[in-house]
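Residue numbering restarts at 1 for every chain, and letters A, B, ... go by the order of the sequence lines.
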Number of protein chains: 2
Amino acid sequence: MTVNERRAREREQRHRLILAKARALAETEGWDAVTTRRLSALIEYSQPVLYSHFRNKDAIVAAVALEGFAELTEALRRARSVSGHARGALTVAVETYLDFAEANPAVYEAMFTRTVPLPFAQEDTPEPLRAGFAEIEAVVAPYAYAHHSATLAEVTWAAVHGLATLTRDHRLRPEEHRQRVEVLVDRVTGRGAGR
Amino acid sequence: MTVNERRAREREQRHRLILAKARALAETEGWDAVTTRRLSALIEYSQPVLYSHFRNKDAIVAAVALEGFAELTEALRRARSVSGHARGALTVAVETYLDFAEANPAVYEAMFTRTVPLPFAQEDTPEPLRAGFAEIEAVVAPYAYAHHSATLAEVTWAAVHGLATLTRDHRLRPEEHRQRVEVLVDRVTGRGAGR
DNA sequence: ACATAAAAACTAGCGTTGCTAGAGTCGATC
DNA sequence: GATCGACTCTAGCAACGCTAGTTTTTATGT
């Protein structure tokens with residue numbers, strides 16, 4: 001059975017190679033450049049090999065997206081573990097999120113814009129997605145007050161996600177980035193009236 | 001010269017027909033179904049006719065997006081004119097925005113997700129876009145406090161836009177929609193701490 | 001009324017896309 | 001060393017956005 005084990009290992013390796021090449025190509029030239037022909041050339045196999053690993057091209061994008069969720073979640077977790085008191089923690093979390101989106105635009109696009117139908121907010125939500133939301137909830141929980149922390153987490157997530165996409169599409173004034181983060185943190189923490 | 005005038009009128013009519021059919025098809029079957037062949041069949045002309053009206057397919061999507069901005073702006077303007085005091089006005093504005101996104105998913109996709117490069121937040125921003133942002137700014141201005149109203153407007157826009165897209169992609173708990181709007185309005189108005 | 005020139009719309013086709021059927025090759029096992 | 005199964009490749013399909021070149025239509029001048 002050791003032969004089959006080696007084969008499985010090699011398949012696994014090639015699986016990761018496909019995702020790595022797809023991701024790299026998407027980051028450098030955009031997702032439109034990620035065609036099955038170019039991708040198969042990059043991995044040095046013929047096109048049909050791709051289809052022995054993934055059902056179709058969308059499944060490749062979805063796999064890259066899932067990687068992205070795991071990485072973003074890990075970045076948020078790390079940020080939360082090193083930052084001190086609560087308000088600073090929220091600022092760091094927001095900046096971490098926005099930095100990730102800016103540093104990995106293609107991955108972020110796969111996660112949200114290329115709207116691959118990943119199951120969210122329901123029974124069969126993949127663990128990385130659930131964990132990512134839990135990170136956001138943890139960092140805003142101190143400010144939920146009368147509301148549920150999950151609801152505040154959803155609204156905060158929406159705001160940060162909105163900033164990420166609108167910034168990416170150059171629809172906000174670039175020089176005001178810092179102020180926007182400040183306003184966002186102020187309002188989420190309930191310091192809106194400037195007390 | 002009256003002949004040319006008639007021709008220009010007919011061209012204008014066909015121009016609108018193309019946009020109307022493209023929009024309708026996108027809303028019923030999604031933008032992937034809007035191919036140049038299907039669209040040309042719908043307007044009962046051959047494909048090249050499309051290219052005498054628009055540079056390419058993306059230009060058609062962009063034109064639909066611009067229509068959408070004008071309509072959304074008008075909806076916000078109307079909402080603001082009928083709603084009473086400021087806090088209620090913000091709630092109505094948010095609901096109007098989210099209703100528009102939900103009622104016209106394909107148009108909203110053209111406006112934001114199909115990231116057609118429309119010039120934003122700079123010199124040559126088209127009027128409908130500028131006017132739309134002005135509507136948002138007007139409704140949040142009373143709560144800017146120490147900050148600039150434009151900055152609060154950007155953050156608020158991001159939050160509402162985030163809610164619109166995350167809701168569309170089923171990434172938020174559907175039954176909590178109302179609570180999210182309430183939390184959002186609370187925080188934007190600076191009532192976060194529950195005063 | 002008819003010929004002519006210009007304007008408009010069509011047919012046909014190019015290169016590229018995602019995906020797949022069927023042929024071919026390689027390697028482990030008896 | 002032959003055989004059979006697993007794996008990979010070549011070749012090609014239908015559909016895509018877009019365009020060159022031809023045909024048809026339409027307004028004008030005699």
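Rounded to whole angstrom, the span from the CD1 atom of A:I60 across to the P atom of C:dT17 amounts to 14 Å. Rounded to an integer number of Å, the gap from B:L39 CG to D:dC16 P is 12 Å. As rounded to whole Å, 10 Å separates atom P of D:dC9 from atom CG of A:L50. Separating the CZ atom of B:F54 from the C1' atom of D:dG17 is a distance of 16 Å, rounded to the nearest angstrom. Rounded to a whole Å, the OH atom of B:Y51 is 18 Å from the P atom of D:dG21. A:K57 places its NZ atom 9 Å from the P atom of C:dT17, with the value rounded to the nearest Å. Atom-to-atom, CH2 of B:W31 to P of D:dC16 comes out at 15 Å; the value is rounded to the nearest Å. Rounded to an integer number of Å, the gap from B:H53 NE2 to C:dA7 C1' is 14 Å.
For A:P48, counting side-chain heavy atoms from C-beta on, the closest listed nucleotide (C:dA21, D:dG17, D:dT8) is C:dA21. Proximity note for B:N56 (side chain, C-beta onward) versus C:dT20, C:dT17, D:dC18: the nearest is D:dC18.
Taking CD from B:E176 and CD from A:E154, the interatomic distance works out to 7.0 Å, rounded to the nearest 0.5 Å.
Proximity of a side-chain donor or acceptor of A:K57 to a complementary backbone N or O of A:V34 within less than 3.5 Å is detected.
Residues A:T165 and A:F112 are not in side-chain contact: their nearest non-hydrogen atoms beyond the backbone lie 4.5 Å or more apart. Residues A:I18 and A:L39 meet the side-chain proximity criterion, which asks for heavy atoms closer than 4.5 Å.
Between A:S52 and A:R37, the residue anchored closer to the 5' end of DNA chain D is A:S52, taking for each the nucleotide with the nearest heavy atom. Mapping A:R55 and A:T35 onto DNA chain C by nearest heavy atom places A:T35 closer to the 5' end of the strand.
Applying the 4.0 Å criterion to OP1 and OP2 of D:dC18, one finds that B:T36 has every side-chain N and O outside that range.
When heavy atoms are screened at a 4.0 angstrom cut-off, A:S46 is found touching base atoms of the nucleic acid. Across all strands shown, B:R14 has heavy atoms under 4.0 Å from sugar-phosphate atoms exclusively, and none from any base.
Between the side chain of B:Q47 and the base of D:dC18 there is at least one donor-acceptor pair of N/O atoms closer than 3.5 Å.
Both tests do not hold together for B:R168 against B:Y108: distance to the six-membered ring centre under 6.0 Å, angle to the ring axis within 45°.
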